[in-house]
Structures are given as C-alpha cells and as structure tokens.
Amino acid sequence: MSKPDLNVNIGKMKLKNPVMPASGCFGYGEEYASYFDLSRLGAIVVKGTTREPWPGNLPPRLAETSAGLLNAIGLQNPGAVEALAKIRTLAHYGVPVILNVAGHSADDYCEVIKFFAEEKAVEAFELNVSCPNLTAGGMAFGTDPEIVYRLTSRAKQLTDKTLIVKLSPNVTDIAAVALAAERGGADAVSLINTLLGMAIDISKKEPVLANVTGGLSGPAVKPVALRMVWQVSAAVDIPVIGMGGICCAADALEFILAGASAVAIGTALFTNPLTCLQAIDGITAYLEENVVATVKEIVGLARKNQAQKREENQCGKS
Amino acid sequence: MSKPDLNVNIGKMKLKNPVMPASGCFGYGEEYASYFDLSRLGAIVVKGTTREPWPGNLPPRLAETSAGLLNAIGLQNPGAVEALAKIRTLAHYGVPVILNVAGHSADDYCEVIKFFAEEKAVEAFELNVSCPNLTAGGMAFGTDPEIVYRLTSRAKQLTDKTLIVKLSPNVTDIAAVALAAERGGADAVSLINTLLGMAIDISKKEPVLANVTGGLSGPAVKPVALRMVWQVSAAVDIPVIGMGGICCAADALEFILAGASAVAIGTALFTNPLTCLQAIDGITAYLEENVVATVKEIVGLARKNQAQKREENQCGKS
Amino acid sequence: MVNYEILAHEEVAADAKYIVLAGKIAAVPGQFLQVRISETNDPLLRRPLSVHDCHENSFSLLYRIAGRGTAMLAQKKTGDNLNILGPLGKGFPHTTLPTALLVAGGIGVAPLFYLARCLAEKGKKVVFLFGARQAEALYRRRELAEIVSELHLATDNGSTGLHGPVTELLESFWEYQVKFEIYACGPALMLQEISRLAAGHDRDVHVSLETQLACGVGACLGCVVADRTQPGKYFRVCSEGPVFNSKVVF
Amino acid sequence: MVNYEILAHEEVAADAKYIVLAGKIAAVPGQFLQVRISETNDPLLRRPLSVHDCHENSFSLLYRIAGRGTAMLAQKKTGDNLNILGPLGKGFPHTTLPTALLVAGGIGVAPLFYLARCLAEKGKKVVFLFGARQAEALYRRRELAEIVSELHLATDNGSTGLHGPVTELLESFWEYQVKFEIYACGPALMLQEISRLAAGHDRDVHVSLETQLACGVGACLGCVVADRTQPGKYFRVCSEGPVFNSKVVF
Ligand SMILES: Cc1cc2nc3c(=O)[nH]c(=O)nc-3n(C[C@H](O)[C@H](O)[C@H](O)COP(=O)(O)OP(=O)(O)OC[C@H]3O[C@@H](n4cnc5c(N)ncnc54)[C@H](O)[C@@H]3O)c2cc1C
Ligand SMILES: Cc1cc2nc3c(=O)[nH]c(=O)nc-3n(C[C@H](O)[C@H](O)[C@H](O)COP(=O)(O)OP(=O)(O)OC[C@H]3O[C@@H](n4cnc5c(N)ncnc54)[C@H](O)[C@@H]3O)c2cc1C
Ligand SMILES: Cc1cc2nc3c(=O)[nH]c(=O)nc-3n(C[C@H](O)[C@H](O)[C@H](O)COP(=O)(O)O)c2cc1C
Ligand SMILES: Cc1cc2nc3c(=O)[nH]c(=O)nc-3n(C[C@H](O)[C@H](O)[C@H](O)COP(=O)(O)O)c2cc1C
Ligand code: FES
Ligand code: FES
C-alpha cells in the first residue's frame with residue numbers, strides 16, 4: 001500500500017497535511033525553527049498582528065490551571081511592518097503562512113489586510129474576532145453574528161487570499177456565528193479561540209492575572225472545542241479548522257472525525273515542541289492501520305456513523 | 001481567638017457553613033451517608049427531580065477527559081413521590097435540603113414546586129434551567145434571559161421557600177441571565193452547571209456518549225466557573241452559590257473571594273467523598289490564619305482588592 | 001478511603017500485573033475497589049478493580065494494562081501506598097448447589113479467582129472454564145489450578161487447551177447430571193453469548209459487568225445498564241451490580 | 001527535549017533538593033532548563049530550573065519545593081528519567097574585571113553556584129554574599145565555600161552569619177578600591193533593593209529574574225517584565241533573560 005494522502009484544501013490553500021501550529025503559540029516561527037523542521041508543517045499560523053505595534057497587557061499574563069493555561073497576552077505584537085519582515089524569512093520552508101489578523105475595530109482589521117493584500121509571503125488571513133482579552137463595547141467582537149458578518153464581508157472585498165474567520169467559544173450559539181462568517185464570504189472557519197476564565201491568588205486575595213480574566217486553553221478545553229467543531233461542521237459548508245487542547249495524534253483525530261478538515265495545536269507545544277510532527281506521523285499511522293487512503297475520507301466520519309446508528313435505532317423502534 | 005463564624009444566609013436559609021454537595025453528584029444523600037456525617041454540611045442539594053419518574057439517557061453516559069468528566073445522565077430520577085420519601089429520611093441530619101427542580105417545560109417545573117410547596121423537609125428550590133443534556137426548542141432552556149425571567153416569576157408565585165436559579169455557562173452573557181433571574185424574584189443564583197462538551201472514540205469512530213454531547217464538570221472547568229461567578233456577583237445583589245471544579249478548600253476560597261456566598265462540590269466527591277468536610281475545615285483554618293472572624297467578610301474580597309488596586313493605578317497615571 | 005501499602009507487585013504477563021496490598025478488607029467475591037491512580041487531577045477518576053483474592057492480613061488485585069490509568073498503576077513500587085475506596089458493589093450470590101461452573105475470559109479471571117477459593121473452601125466442587133486469546137492471557141492459571149476441582153482451558157489461537165472460544169467448553173456441561181450454579185466474567189460479547197446459550201437451556205448465569213464508573217457508590221447514575229425486564233429502567237453497575245442475573249441485563 | 005537519567009537526588013534542607021543528571025549539556029551560567037514533571041496533563045507546564053552546576057558527563061539542579069510541581073519532582077528516584085528542554089535563555093554576561101561580587105538570596109544560589117565555579121576557573125576573584133531566612137536555607141554553602149574566594153553569610157534570624165538582610169553585607173563593598181562586576185539572584189524584593197543601592201553608587205547589577213513561564217523559548221509572550229527604559233515595551237524573561245541589567249528592569 002502507498003502512503004496515505006494527507007492533503008487538504010482550505011480555500012485556495014493546498015496543505016500537504018492537516019496540522020498547523022495555533023496562532024500566538026508559535027510567534028512568527030523563529031523560536032521553534034531550531035526544534036524541528038518547519039517545512040513538515042501543513043501551514044504556519046503566525047501571531048495575531050495589528051497594523052501598528054501593540055504593547056500587550058501588563059504582567060502577570062499567565063496562570064496554570066488543571067490541565068489548562070490562562071493567558072492574557074493582550075495581542076502584543078510588533079505591528080505589520082516588522083511582522084512582514086519576519087514572515088518573509090519563513091518563505092524558504094515552502095509552507096503556506098496564515099496571518100492572524102487583530103484589531104480594536106473593523107477598520108483596524110481592514111488596515112492589516114490592505115497592508116498584506118499583495119504580499120506573496122502570506123497565503124491566507126485568519127480574522128481573530130474572538131480574543132477574550134480585548135473587548136469592543138463591553139462584549140468581545142466575535143460574539144455577535146451580525147458584526148462578524150459585516151467584518152467578514154468587508155475583509156472579503158479587500159483580498160483574494162483565503163479568508164478564515166476564527167470563532168469565539170464564549171457564545172450561546174457558535175453555529176450561528178459560523179454561519180454569519182460563511183454568509184460574509186469566509187473560505188473557512190477556525191475554532192476554538194480560548195474560553196474566558198480566571199484564577200484567584202488566595203494568599204494575595206486578588207486575581208492572578210493583571211488583566212483579571214484570561215483565555216483558557218489546553219487539554220482542559222478539548223471536550224468543549226470538540227463539541228463546537230461538531231456543531232459548526234454540521235452547520236456550514238466551508239471547511240473547519242479545529243483546535244483546543246490537542247496534545248497528540250489521537251486528539252487531532254477526534255477533531256477530524258468530528259468534522260474538522262485541519263487542526264491547529266497551541267498550548268501543547270509549550271510542553272512538547274514536537275507535538276505537530278508527532279500528530280502528523282500519528283495520523284498517517286492511523287490511516288494505514290484503518291486502510292484509509294486519504295485523510296479527507298475520515299473528515300466528519302463520526303457524524304456519518306452517528307447518523308447511521310440513529311437511523312438504525314429509529315428503524316428498530318418503529 | 002474564638003472559632004471563625006462560617007454562617008451564611010441564602011434567602012431564608014441559614015447555613016452553618018457555606019459548603020454543600022452539588023446536585024446530581026450526591027443522589028438523595030443516602031449513598032454518602034456511610035462515608036461521613038452529613039450533619040456537618042451547610043446544606044444538602046439533591047438530584048434534579050421531576051414530577052414523574054424520568055428514565056434518563058441511554059448509556060454510555062460517562063466519559064473521562066483531562067481533569068474533567070463528561071456526563072449525559074439525562075436527569076434520571078425517581079419522580080417527586082419517591083424523592084420525597086428519600087428526602088424525609090434526611091430530616092434528622094438537621095441540615096437544610098435544597099431540591100433541584102427539573103422539567104421539560106415551565107409547567108413541569110411548576111408541578112414539582114407545587115408538590116413540595118408545603119413540604120417541611122425541603123427548605124429551598126433550585127431551578128435547574130441549565131441541564132445541557134436536555135433541550136427545549138433546540139437550545140437549552142436557561143440560555144434565554146426572558147424565559148428564565150418568566151419561569152422564575154411563575155415559580156416565585158408558587159412558593160415562599162427560598163428560590164435559587166441555577167445558571168447555564170453555555171451562554172454569551174451569563175450576567176444577563178442572572179439579572180433576569182433576580183428580576184423574576186430569585187433569592188439566589190447558583191452557577192455553573194456543566195459546559196456542553198463531547199468526546200469521540202477514535203477506534204469506534206463515533207461519539208463516546210450515546211447522547212453525543214454531555215456536560216463537562218470537574219477541575220478542567222474551574223477557571224471558567226470562577227470567571228462567571230466574578231461576573232455574576234458583580235451584576236446581581238442576591239447571593240451567589242459558586243461551583244465548578246472545586247476539589248479542596250483553596251478552590252472553594254477562590255470562589256468565595258470572587259464573590260460567592262456559598263459553594264457546591266460535585267465531581268470531586270467521586271474521587272474523594274470527604275471533599276466537603278475537608279473544604280469546611282480548610283476554610284476555617286484559612287480564616288484563622290488570616291485573622292478573619294466571619295466568612296462573610298471575605299465574600300468578594302478579591303473584587304474589592306482589585307477595584308482598589310485599579311484606582312491606585314489610575315491615580316498614579318493621572 | 002484508606003491507604004494500603006504495596007507488599008508485592010509482579011508482572012503476570014506482558015500486559016497484566018498482580019498486586020498484593022497489606023491490610024484487611026471485608027470483601028465478598030465479586031466486590032470491587034475504587035483505586036486512586038494519581039494525586040493530581042489527571043486521571044481524575046478512580047479506577048475500579050475487583051478483589052482478586054483475600055487473606056488474613058492482605059488482599060490482592062489482578063489487572064490488565066488497558067490504558068493510561070492502569071499503565072500509571074503499573075509504575076507503582078513495593079512500599080508505595082494505594083488509596084482505596086471500598087469494597088463496593090454487590091458480590092456474587094451464594095449458591096445452595098454443591099457444584100459451581102465458573103467461566104472466565106481473559107482478565108475476567110480477576111474476581112472469579114476469589115470466588116473459586118471461597119466456594120472451594122466451602123466444600124463446593126468448582127469447575128473453571130478459562131478462555132483467552134492466547135496462553136499468556138490465561139492469567140494466573142497455575143495458581144488457579146491449585147484451588148479448583150477442574151480447570152479447562154481454551155485459546156483463540158490454540159496455543160493452550162481447546163482451540164476456540166471458551167463458550168465451546170461449555171457445551172458438554174449442559175448435559176451434566178447434577179445441578180450447578182454458573183458464574184461468568186469477561187468481555188461483554190462473551191457474557192452475552194454465554195447468557196444466550198444458557199437461556200437456550202433455561203438456565204441463568206451470574207455475570208459480572210464492566211461499564212465506565214464515576215462515583216462507584218450509586219450516587220451519579222453514570223454507570224447504568226438497561227434492565228431488560230422493564231423498559232426505561234436502568235441498573236447501576238456499581239451499586240446494584242457489578243454482578244447481575246444474565247436474564248435481566250442481556 | 002532529551003531524557004536524562006537521575007544519578008543522585010538528595011535533600012539539602014527540609015524544603016530543597018539537589019539532583020544530579022547523567023549527560024552533557026552545553027550551558028552557560030544563568031541559563032535554565034524546562035523540566036517536565038509529569039507525563040499526564042496535570043501539571044501541564046514544564047517547570048523552569050536553573051543549571052546549578054555542570055561537569056564533564058553530568059549536570060545538576062538545585063530546587064526549593066515551592067508548590068505542587070516541585071513536590072512531585074521531589075518524588076523522583078535515582079534511575080528515573082527527567083525530560084528536559086534546554087538549556088534556554090541568555091546567561092550571565094562575561095566580565096573583563098578581575099573581581100566579581102555574587103549576591104544570592106535563598107534558592108537564588110541555584111544559578112550563581114555555577115557562575116561562581118566558572119568565574120573561579122577563569123581565575124577571577126569571587127566574593128559571594130549569601131543571605132536567607134535561616135541557616136538551613138543557605139543551601140549548599142559548604143560546597144560553595146570550596147569554590148569562592150570569600151563567602152559572607154547573613155540570616156534574617158541570625159542563626160548564621162550577619163543577623164540581617166544580605167543587602168547589609170553589600171555596604172562595605174561600595175567603598176572597595178578595585179572595580180568589580182555584580183551578579184544577583186533571589187527574591188524580587190531583594191533584587192530590587194540591591195538594584196536601588198547599586199544605582200545610588202552609579203553601579204548596575206546583573207539580576208536573574210523569575211516569572212511564570214509557559215513556552216520557555218520566547219514564542220508565547222507570557223513571561224514578560226516591563227522595560228523601564230521604554231514605556232509600553234516588554235522583555236521576555238525566558239529568551240531575552242532571565243538575566244537583565246538592573247537598570248532596564250527595575
Ligand atoms: C466493577 C468493575 C471491576 C473491574 N475489575 C477489574 C479487574 O479486576 N481487573 C482489570 O484489569 N480490570 C477491571 N475492570 C476494568 C478496569 O476498571 C478498566 O480496565 C480500567 O478502568 C481502565 O482504565 P485505564 O485508565 O487503564 O484505561 P482508559 O485509558 O481509561 O481506557 C482504556 C480502555 O478501557 C475502557 N474503559 C475505561 N474504563 C473502563 C471501565 N470501567 N470498564 C470497562 N472499560 C473501561 C475505555 O473505554 C478504553 O477503551 C473493572 C471494571 C469494573 C467496572
Ligand atoms: C528562569 C527561571 C529559573 C528558575 N530556577 C530555579 C532554580 O534553579 N531553583 C528553584 O528552586 N526555582 C527556580 N525557579 C523557580 C521555579 O521555576 C518555581 O519555583 C517552580 O516553577 C514552582 O513550581 P511548583 O509547581 O512547585 O509551584 P506552583 O504550585 O506552580 O507555585 C508555587 C508558587 O510558586 C509560584 N511560581 C510558580 N511558577 C513560578 C515561576 N516560574 N517563578 C516564580 N514563581 C513561580 C507560584 O505563583 C506559587 O506562588 C526558576 C524560575 C525561572 C523563571
Ligand atoms: C499564549 C497564547 C497566545 C495566543 N494568541 C493568540 C492570537 O494572537 N491570536 C489568536 O487568534 N489566538 C491566539 N491564541 C489562541 C490559540 O490560537 C488557540 O485558539 C487556543 O489556545 C486553543 O488551542 P490550544 O488549546 O491548542 O492552545 C493564543 C493562545 C495562547 C495560549
Ligand atoms: C453526574 C452529574 C450529574 C449532575 N446532575 C445534575 C442535576 O441533576 N441537576 C443540576 O442542576 N446539576 C447537575 N449536575 C451539575 C452539578 O451540580 C454541577 O453544577 C457541575 O457538575 C459543576 O460542579 P463540579 O465541577 O463540582 O462537578 C450534575 C453533574 C454531574 C457530574
Ligand atoms: S458510578 Fe456513580 S452510580 Fe455507578
Ligand atoms: S515563556 Fe513563552 S515567551 Fe517566555
């Protein structure tokens with residue numbers, strides 16, 4: 001048998017495998033370049049980037065929780081000009097670069113897209129409308145489907161590149177937000193960003209994070225992320241990039257079986273920088289064991305099996 | 001110094017300490033009675049109870065996750081008549097019993113309240129409008145402030161007992177739902193119920209739970225629960241009962257410092273049935289170490305400290 | 001909830017270990033213990049393991065390394081403590097009959113070993129049918145041979161005993177003249193098959209079931225199996241079981 | 001990411017341990033290692049520990065049991081493996097001066113021990129000021145005494161050396177005739193005080209800082225401290241530090 005085919009398409013991007021690092025956990029690639037061969041990645045997603053440099057939040061910015069991590073980085077980034085220089089150095093890896101786009105307002109996002117629109121080094125934009133450490137009028141940007149729809153449509157008009165909208169899990173109905181992004185012209189949605197959480201230092205009797213609240217990531221959130229990928233992939237027709245707590249190939253496969261066409265790995269990199277590579281190898285091994293020729297065949301397979309089972313049960317009952 | 005005073009009031013209830021088991025994790029008390037002296041508890045919260053017996057969901061109903069537990073029990077319970085018999089046997093512990101009330105419709109809830117309204121063995125009702133394993137019109141009951149407001153008002157008219165509304169964390173704005181409950185006449189709110197999650201069995205290629213999705217509880221959810229207690233206790237004037245992942249006194253104290261007047265412990269009991277007692281002892285020790293006379297003094301203390309710090313920073317800046 | 005010191009911890013096969021703990025527990029055969037694997041929150045839940053044997057001042061467990069929790073358990077060393085909740089659940093029911101037929105599949109031998117010893121000590125004739133994939137998974141069969149009256153083996157690959165499923169060993173016993181009680185523990189499919197065969201001969205079997213547990217004491221309603229005699233009713237495996245009459249669960 | 005075998009693991013005080021690992025690492029003094037505590041997801045993050053000493057075929061760590069992670073580390077036994085990422089960060093800068101003053105507070109001795117050895121081996125005069133709450137927390141002071149030119153001790157409770165803070169020991173040195181480099185590691189408040197005193201004499205100090213880390217390699221921007229010379233700018237402790245010039249961080 002020949003090696004399983006791990007190719008997936010996200011919008012106009014052709015990825016040689018469905019595994020990428022998650023935004024904000026991989027900088028602009030430079031820090032992890034000495035740990036493994038970045039050319040093996042399906043894509044590289046860089047840090048949330050704004051037009052001008054952003055300082056980020058006051059420290060402390062991190063708190064460890066049970067199987068999770070709270071962060072309140074506040075989108076510290078060097079701004080579009082310096083980011084571009086860093087991204088250009090990634091070109092020789094031959095891996096599509098996805099630019100995570102951030103801002104305070106719709107105009108902010110559009111500025112970033114305009115800046116990179118003609119830039120070959122960037123293949124796709126991921127609109128981060130879901131950073132829990134920023135607020136727009138009291139509530140995070142990405143919680144209102146209408147705002148997400150409008151921002152996506154505006155962004156779509158500015159670029160022919162692949163447009164991904166990154167969804168917030170801090171909502172009642174994530175499928176509704178995903179549908180709004182799709183309607184606005186998104187080529188894909190990615191989820192989940194972090195869950196809004198906090199921690200309190202009982203000896204100091206105050207919040208651990210200077211920002212009070214932070215975003216929860218890591219294995220703790222995996223069940224919630226997986227449920228949302230399941231819901232969203234049932235609702236939209238565009239591809240879903242799944243993430244939230246993936247630590248190994250088995251976790252990645254749960255997301256793919258739930259309906260994700262590709263996956264991103266964030267927090268797990270901090271414990272094991274090789275997680276992406278191990279996930280790629282593990283997915284390959286799984287496809288071989290299950291005699292499946294292409295990873296595309298198992299995208300959403302758990303849903304199909306579940307639907308079939310339900311039908312059988314229904315028949316049995318009637 | 002005399003022993004710290006652990007008394008708290010929730011509506012008309014006077015609790016001798018702020019620690020209780022969480023609904024659904026303690027049955028009707030009988031199973032844990034042989035493990036410790038139930039009379040030491042601040043209150044006993046019994047399983048979600050409906051007017052008629054409910055069978056619950058098909059198994060498998062459980063899946064373990066990283067520092068968390070997914071359950072899809074589906075509110076299996078013996079119905080009001082048998083529940084009452086069980087609750088009466090708890091009377092001799094001299095601990096207030098809180099009845100967790102469940103149903104498919106507003107009428108269902110009202111039926112249960114009417115049934116127990118004159119029953120001395122029950123001191124309070126906790127309206128479980130947040131079970132993620134049940135849906136009313138596609139979306140869980142407790143996600144719509146208006147529905148919560150109406151249900152609370154109706155329930156309030158049926159009983160003089162303390163009325164608690166248990167909130168769902170699967171919402172964009174939990175404070176809005178809490179305010180709706182308060183407006184409807186709730187004496188307290190309790191939170192969080194479980195986060196909607198799922199798990200997939202990659203060898204069977206289907207969801208682990210027969211119900212597909214389940215409710216996530218345990219230490220994994222603590223940061224989210226704590227953040228919601230912080231937000232809700234800032235928004236409402238009624239007491240907040242905090243829960244979600246509490247495993248020890250330090251965890252319980254985080255919730256109290258965030259603004260909870262009392263706390264409930266669920267999943268941790270499965271690993272350590274003595275968690276409630278150890279939390280009571282640990283809170284007592286903490287108050288002694290910090291030379292605080294009553295637990296009431298530290299309710300929301302982290303918020304006060306935080307507000308003060310912010311003010312100082314503001315002054316420094318201007 | 002008591003800490004017990006590990007007196008011995010031995011490999012019985014590449015994928016299974018036998019652990020002896022210091023202390024006295026009042027367990028009947030078929031009961032289980034909720035074993036805490038880690039003091040951290042991962043894994044969060046205790047792991048249920050059957051009482052494998054009981055002595056004056058010690059007791060033992062036999063477990064297969066099935067996943068992460070049991071793999072971590074396998075790392076524990078002599079002298080370490082194991083935190084245990086139990087004994088829990090209802091054990092195998094007593095029998096007034098002089099003969100008992102015990103059927104184990106693989107690690108299903110764990111609770112049946114203790115049952116065999118207790119029945120033998122009461123002077124019953126214990127016929128033990130033991131099947132597994134291969135000889136290595138006929139865990140502790142030598143120690144078992146010393147306890148029981150008859151030991152019949154079967155393996156899927158024919159490496160020891162009958163080449164075939166343990167259920168084939170059963171066939172000759174339906175014609176048996178004396179009455180006997182049947183107890184079984186093993187994979188769900190094996191139990192189902194035995195129950196089906198037994199039902200064909202109008203017999204029932206005391207089967208010990210495994211489901212995913214959380215509390216282990218009957219409080220959470222997570223571990224249930226359907227009551228086949230009453231639609232919409234469930235049994236809690238942890239507290240109403242783990243031993244059930246095959247007729248009510250299959 | 002490499003597994004290193006534990007060759008020795010000793011208590012140096014009730015709350016601190018010293019661990020020797022087999023293997024070669026190319027670390028300069030002041031660099032640290034990200035140590036994996038558990039193979040499970042709790043605790044999730046690695047724990048940063050400084051390189052305490054380096055030999056031909058081994059290296060060592062010295063750590064205080066500060067919480068859950070270090071308490072779990074303390075359970076590891078000789079022969080166990082420790083999974084390590086690193087060496088990471090920038091170490092202490094070299095000095096062209098012939099004399100170095102090293103100031104440690106409690107467990108702050110961890111990275112300064114290796115620095116002291118390297119400086120001594122280069123023929124520098126190493127004056128070591130070591131303060132702690134009580135004598136017991138002057139970890140490995142006997143081994144240190146064999147390396148340095150001068151060792152001055154101070155304890156908060158007066159149980160050994162000067163009765164008072166280590167910063168008091170500093171005072172006499174400002175009048176010193178020869179020029180010297182200053183390196184310090186210890187509690188934040190101590191470092192701040194030393195920096196303040198040094199600034200008063202127009203001197204700067206190379207301080208090694210501790211913050212909560214996640215990635216340890218500069219990718220997550222979680223571990224930052226403010227750059228006092230540029231408002232709104234931050235340094236990453238893990239990759240731009242952990243050693244900084246006191247003037248830019250205090
Ligand atoms: C009452 C009872 C008594 C038991 N007695 C024994 C015994 O004496 N010896 C023994 O080796 N095993 C026994 N088991 C099974 C044992 O509890 C599981 O093998 C163990 O919990 C698996 O934990 P793990 O972390 O190693 O595997 P996990 O990583 O949790 O899971 C590995 C695999 O086992 C499955 N699994 C997890 N928990 C259970 C469970 N409770 N029951 C069945 N499958 C499960 C998972 O779905 C998965 O497929 C018993 C189970 C019950 C309910
Ligand atoms: C670059 C660097 C080098 C270090 N070198 C050493 C060393 O050689 N020896 C040594 O004993 N310690 C060293 N530390 C500190 C050590 O990393 C922490 O004590 C350890 O991570 C605490 O983990 P824990 O799980 O035991 O405690 P936790 O339970 O995580 O926390 C216990 C207490 O320590 C605090 N804490 C947690 N992590 C850190 C941290 N990274 N820095 C400061 N405080 C923290 C917590 O806020 C809490 O108050 C170093 C830290 C850094 C950043
Ligand atoms: C330290 C940190 C920084 C992050 N920064 C960003 C960011 O800049 N933009 C973004 O869209 N998501 C950001 N995220 C969210 C991650 O990309 C990812 O959605 C989330 O962490 C869940 O995945 P994980 O559990 O694998 O980490 C950040 C997460 C972490 C932990
Ligand atoms: C097995 C199980 C059953 C539950 N049943 C109920 C219930 O009947 N009614 C209810 O309001 N909450 C129920 N809950 C939610 C808990 O009361 C609690 O809100 C939640 O588990 C978070 O707390 P914990 O992390 O301490 O478990 C249940 C939780 C679990 C784990
Ligand atoms: S495991 Fe909780 S009822 Fe059986
Ligand atoms: S710990 Fe991630 S940047 Fe320093």
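Quick note: numbers below take in every heavy atom, side chains included, and nothing from hydrogens, waters or symmetry partners. Sequence lines set the chain letters: A, B, ... in the order given, protein chains first and strands last, and positions in each chain run from 1. These figures come from a predicted structure and were not determined experimentally.
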### Summary
Minimal heavy-atom distance between D:G232 and A:P55, with the atoms involved, is O-CB, 3.2 Å
### Message
Using heavy-atom distances under 4.5 Å, tell me whether D:L85 contacts chain A through its side chain, its backbone, both, or neither.
### Response
side chain
### Query
Under a 4.5 Å heavy-atom cut-off, does chain A meet the side chain of D:P231, its backbone, both or neither?
neither
#### Entry: Contacting moiety of A:S34, where chain D heavy atoms sit under 4.5 Å
neither
### Task
Side chain from CB out, backbone as N, CA, C, O: work out which of these in D:L88 comes under 4.5 Å of a heavy atom of chain A, or both, or neither.
side chain
### Query
Of the non-hydrogen atoms in A:C25 and D:A219, which two are nearest, and what is the gap between them?
O-CB, 4.0 Å
### Enclosure of D:K233 NZ (heavy-atom neighbours >12, cutoff 6.0 Å)
no
### Task
Output yes when a side-chain donor or acceptor of A:R61 lies under 3.5 Å from a complementary backbone atom of D:L221, and no otherwise.
yes
### Under 3.5 Å: donor-acceptor pair, side chain of D:Q212, backbone of A:P60
no
### Message
Out of D:T40, D:L44, D:T211, return the one with the most heavy atom pairs under 4.5 angstrom to chain A.
### Response
D:L44
### Query
Counting only heavy atoms not in D:E39, do more than 12 sit closer than 6.0 Å to its CD atom?
no
## Note on the structure
Looking only at A:L69, A:L269, A:L62, A:T65, most heavy-atom pairs under 4.5 Å shared with chain D are made by A:L62
### Query
Considering all heavy atoms of both residues, which atom of D:M1 and which atom of A:P273 are nearest to each other, and what is their separation?
SD-CD, 3.5 Å
### Message
Counting C-beta onward and ignoring hydrogens, is there a side-chain heavy-atom pair between D:R236 and A:Q76 closer than 4.5 Å?
### Response
no
## Note on the structure
Comparing D:G218, D:G216, D:S239 against chain A, the one with the most heavy-atom pairs below 4.5 Å turns out to be D:G218
### Message
For D:R68, which atoms come within 4.5 Å of any heavy atom of chain A: side chain, backbone, both, or neither?
### Response
neither
### Message
Looking only at heavy atoms and a cut-off of under 4.5 Å, which of A:F26, A:Y32, A:Y28 has the most pairs with chain D?
### Response
A:Y32
### Message
Quick check: closest heavy atoms across D:N41 and A:C247, and the distance to 0.1 Å?
### Response
OD1-SG, 4.2 Å
### Atom pair CG (A:N272) and CZ (D:R46), whose distance is rounded to the nearest 0.5 Å
7.0 Å
### Message
How long is the straight-line distance from CD of A:E64 back to CG of D:D42, given to the nearest 0.5 Å?
### Response
7.5 Å
